[in-house]
Amino acid sequence: MSARDQDLREIRDAVAKLCASFPMEYWRALDRERKYPTEFVRALTAAGWLSCLIPESYGGAGLGLRAAAAVLEEVQKSGANGAACHAQMYTMGTVLRHCSEAQKRAILPKLASGELRLQAFGVTEPTAGTDTSSIRTAAVRKGDRWVVNGQKVWTSRAEHSDLMLLLARTTPREQVAKRTDGLSIFLVDMKAALGKGLSIRPIRTMINHATTEVFFEDLEIPADNLVGEEGKGFRYVLDGMNAERILIGAECIGDAKWFIERASAYARERRVFGRPIGQNQGVQFPIARAYMAMRAAELMVERAAALYEEGAPCGPEANMAKQLAAEASWQAGDMCLQTHGGFGFAEEYDVERKFRETRLYQVAPVSTNLVLCYLAEHVLELPRSY
Ligand SMILES: Cc1cc2nc3c(=O)[nH]c(=O)nc-3n(C[C@H](O)[C@H](O)[C@H](O)COP(=O)(O)OP(=O)(O)OC[C@H]3O[C@@H](n4cnc5c(N)ncnc54)[C@H](O)[C@@H]3O)c2cc1C
């Protein structure tokens with residue numbers, strides 16, 4: 001269902017109200033100790049926001065991507081970090097389109113109620129990197145089961161998820177016509193698999209992101225857990241990407257708004273040389289520039305989300321939305337830190353935390369160069385460079 005502007009405003013207000021009950025001290029303490037925001041994710045789930053994309057017939061709110069984008073933007077704009085749970089929205093791109101009716105009936109109502117969490121998406125591998133077709137994690141069919149061996153890296157939230165969507169090779173690369181053929185997606189019951197062929201090792205990073213390495217050693221998965229058709233997994237991942245890019249774009253817009261609001265407030269209050277620092281054009285102009293960049297990127301995010309909801313092709317817009325928004329949030333973050341001077345580095349101002357957090361979106365889920373490669377090849381018809 002496509003949301004009206006009035007509905008979107010109401011969604012934003014409700015999400016902002018929920019986020020206000022998780023003050024900056026909460027996020028600061030979690031960041032310091034690299035802890036997962038369990039209470040926040042529970043509250044967002046209980047209020048139905050994390051399942052807003054799940055159709056009503058499966059217990060969700062049945063809203064469209066613009067509504068989901070509004071939820072995530074508002075979370076980031078409040079100073080929170082939605083990366084703790086945003087995958088429950090991204091994974092819907094694959095689940096709603098490609099899971100069987102039986103699979104949907106088994107998981108969607110439980111995801112909507114919060115009984116189950118689907119927060120982990122295992123695609124990236126240490127040796128393949130951006131070249132997804134080179135992944136080595138393999139699933140081999142043995143009777144009524146698949147046996148999985150291999151390793152994933154950067155599988156975020158794996159320790160806080162009941163289910164994982166896993167991309168694995170089911171036909172060796174040498175035996176397929178196209179290197180992107182022969183990959184398949186599986187639903188993995190992580191709680192059942194832990195210690196029985198699945199192990200997880202956390203990776204400490206510069207942000208509080210609960211990211212991990214995941215190892216598969218003769219892990220057995222029921223044959224029924226294959227998603228869609230065998231060998232079509234790469235296409236299924238691509239299908240989900242536009243939604244993911246648009247949602248990340250919305251998160252970056254939320255971050256940029258937070259930085260701009262914080263910087264403006266500080267520039268109005270902080271007095272040096274007997275006047276507010278914001279009276280100096282050298283301080284005002286970077287804030288105004290960051291605001292312009294954010295507003296321009298916001299238009300592209302809105303355009304991409306509207307196209308997606310109409311069911312129209314939106315690959316270029318989704319990629320541009322993610323990239324422009326990630327650049328705008330980084331520009332705003334850099335400006336905000338500079339506006340705060342030394343205090344930008346102090347933990348208690350939260351600027352340094354958000355500065356670190358928003359940097360991720362120029363690397364994950366897709367890095368800047370790969371977005372540029374996409375536009376060069378698919379929009380500008382330049383030769384493929386890789
Ligand atoms: C905190 C965090 C969380 C993540 N969460 C997840 C997750 O939940 N699930 C998941 O599957 N993955 C996840 N990722 C992985 C993320 O999607 C990848 O890091 C990202 O896609 C880049 O891949 P890579 O790190 O292997 O870089 P590489 O592929 O090694 O690339 C390194 C650099 O080289 C550049 N490069 C590579 N090839 C080319 C080329 N042909 N032309 C130009 N430049 C090129 C890239 O742009 C990049 O800047 C996460 C990563 C991080 C850091």
Side-chain angles (χ1 to χ4, degrees), residues 30-31 34 36 41 81-94 117-137 148 150-169 179-180 183-188 190 200-216 233-234 236-238 240-241 243-245 247-248 251-252 255 319 322-323 326-327 330 353-378 380 382-386:
L30 293 172
D31 180 63
R34 294 293 190 269
Y36 189 74
V41 177
N81 187 7
C85 50
H86 56 196
Q88 192 128 315
M89 289 188 180
Y90 305 163
T91 47
M92 285 305 119
T94 303
R117 294 163 302 174
L118 172 48
Q119 299 280 11
F121 202 176
V123 175
T124 310
E125 296 190 5
T127 53
T130 302
D131 180 8
T132 305
S133 67
S134 310
I135 61 164
R136 294 189 189 164
T137 296
V148 184
Q151 183 197 342
K152 296 286 171 186
V153 70
W154 306 120
T155 312
S156 303
R157 304 159 296 271
E159 294 171 296
H160 306 280
S161 189
D162 301 289
L163 300 168
M164 174 200 280
L165 279 179
L166 169 70
L167 185 73
R169 192 159 268 294
R179 58 190 181 157
T180 48
L183 298 170
S184 302
I185 297 239
F186 298 91
L187 262 174
V188 179
M190 296 182 71
I200 304 173
R201 194 186 299 158
I203 307 175
R204 193 173 166 92
T205 59
M206 70 185 241
I207 50 175
N208 183 21
H209 201 87
T211 198
T212 70
E213 287 180 288
V214 175
F215 300 87
F216 306 94
F234 188 77
Y236 299 165
V237 172
L238 284 187
M241 274 182 182
E244 186 184 56
R245 307 255 193 283
L247 292 173
I248 292 275
E251 291 187 289
C252 290
D255 279 345
N319 275 279
K322 181 262 172 194
Q323 188 58 34
E327 287 175 8
W330 180 241
R353 172 177 63 82
K354 292 284 280 181
F355 176 86
R356 285 183 277 118
E357 286 170 356
T358 211
R359 184 62 178 82
L360 175 65
Y361 299 120
Q362 287 179 70
V363 171
V366 59
S367 57
T368 300
N369 283 359
L370 270 291
V371 172
L372 298 175
C373 287
Y374 173 88
L375 291 174
E377 184 188 343
H378 296 282
L380 305 171
L382 292 165
R384 187 181 169 91
S385 63
Y386 57 94

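Atoms within a ligand are numbered from 1 in the order they appear, just like the ligands themselves.
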In residues 367-374, what donor-acceptor pairs under 3.5 Å come from side-chain atoms, sequence neighbours left out?
residue : atom : partner : partner atom : Å
Thr368  : OG1  : Gln323  : NE2          : 3.2
Thr368  : OG1  : Gln362  : O            : 3.3

Locate the shortest heavy-atom distance separating Tyr236 from Thr94; write the atom from each residue and the value. O-OG1, 3.7 Å

Looking at atom 32 (C) of ligand 1, is any protein heavy atom nearer than 4.0 Å to it? no

Please check whether Trp154 reaches ligand 1 - meaning an N/O of the residue sits under 3.5 Å from an N/O of the ligand, judged on distance alone. yes

Taking the side chain as every heavy atom from C-beta outward, state whether Arg356 and Asp31 have any pair of such atoms under 4.5 Å apart. yes

Going by heavy-atom distance to atom 28 (P) of ligand 1, choose the closest among Ile135, Thr127, Thr130. Thr130

Are Glu159 and Thr212 close enough, and set up right, to give a side-chain hydrogen bond (donor to acceptor under 3.5 Å, both in side chains), and what steps lead you there? CA-CA 8 Å; Glu159 294 171 296; Thr212 70; over 6 Å; no

for atom 44 (N) of ligand 1, nearest protein heavy atom and its distance come out as Asn369 ND2, 2.9 Å

Kindly confirm or rule out an N or O of Thr211 lying under 3.5 angstrom from an N or O of ligand 1. no

Identify, by atom number and element, the atoms of ligand 1 in contact range of Val123, meaning under 4.0 Å from any of its heavy atoms. 11 (O)

Under 4.0 Å from a heavy atom of Gly129: which atoms of ligand 1 are those, numbered in the order shown and with their elements? 26 (O), 29 (O)

Give the residue and atom name of whichever protein heavy atom lies nearest to atom 42 (N) of ligand 1, and the separation in Å to one decimal. Cys373 SG, 4.1 Å

Would you check if Ile203 and Val153 make a side-chain contact, meaning some heavy-atom pair closer than 4.5 Å? yes

Between Gln119 and Val41, is any pair of side-chain heavy atoms under 4.5 Å apart? yes

Can you tell me which residue and heavy atom of the protein come closest to atom 36 (N) of ligand 1, and the distance to 0.1 Å? Leu370 CD2, 4.2 Å

Taking N or O atoms only and a 3.5 Å limit, does Ile207 qualify as a polar contact for ligand 1? no

Just to be sure I'm reading this right: ignoring hydrogens, which of Gly122, Ser156, Ala83 gets closest to atom 4 (C) of ligand 1? Compare them by their nearest heavy atoms. Ser156

Checking the N or O distance criterion of under 3.5 Å, is ligand 1 in contact with Thr124? yes

Please determine if Ser367 has a nitrogen or oxygen closer than 3.5 Å to a nitrogen or oxygen of ligand 1. yes

Among Leu360, Val366, Val371, closest by any non-hydrogen atom to atom 52 (C) of ligand 1: Leu360

All heavy atoms of Arg245 vs all of Pro365, minimum pair found to be NH1-CG, 4.4 Å

Do the non-hydrogen side-chain atoms of Phe216 and Lys152 ever get within less than 4.5 Å of each other? yes

At a 4.0 Å threshold, what atoms of ligand 1 neighbour a non-hydrogen atom of Phe121? 7 (C), 8 (O), 9 (N), 10 (C), 11 (O)

Should you measure from each heavy atom of Tyr386, which atoms of ligand 1 turn up under 4.0 Å away? 41 (N)

Could an N or O of ligand 1 be found under 3.5 Å from any N or O of Ser385, whether backbone or side chain? no

Protein heavy-atom contact under 4.0 Å for atom 15 (C) of ligand 1? yes

Do the non-hydrogen side-chain atoms of His86 and Leu247 ever get within less than 4.5 Å of each other? no

Part of Pro365 within contact of ligand 1 (heavy atoms, under 4.0 Å): backbone

Looking only at heavy atoms, the pair that brings Leu167 and Phe234 closest together is CD1-N, 4.2 Å

Tell me the protein heavy atom at minimum distance from atom 20 (C) of ligand 1, and give that distance in Å. Val363 O, 3.4 Å

Report yes or no: is the cationic atom of Arg353 (NZ for Lys, CZ for Arg) closer than 6.0 Å to the six-membered ring centre of Phe355, at no more than 45° off its axis? no

Could you tell me if the side chain of Leu30 sits less than 4.5 Å from the side chain of Tyr36, heavy atoms only? no

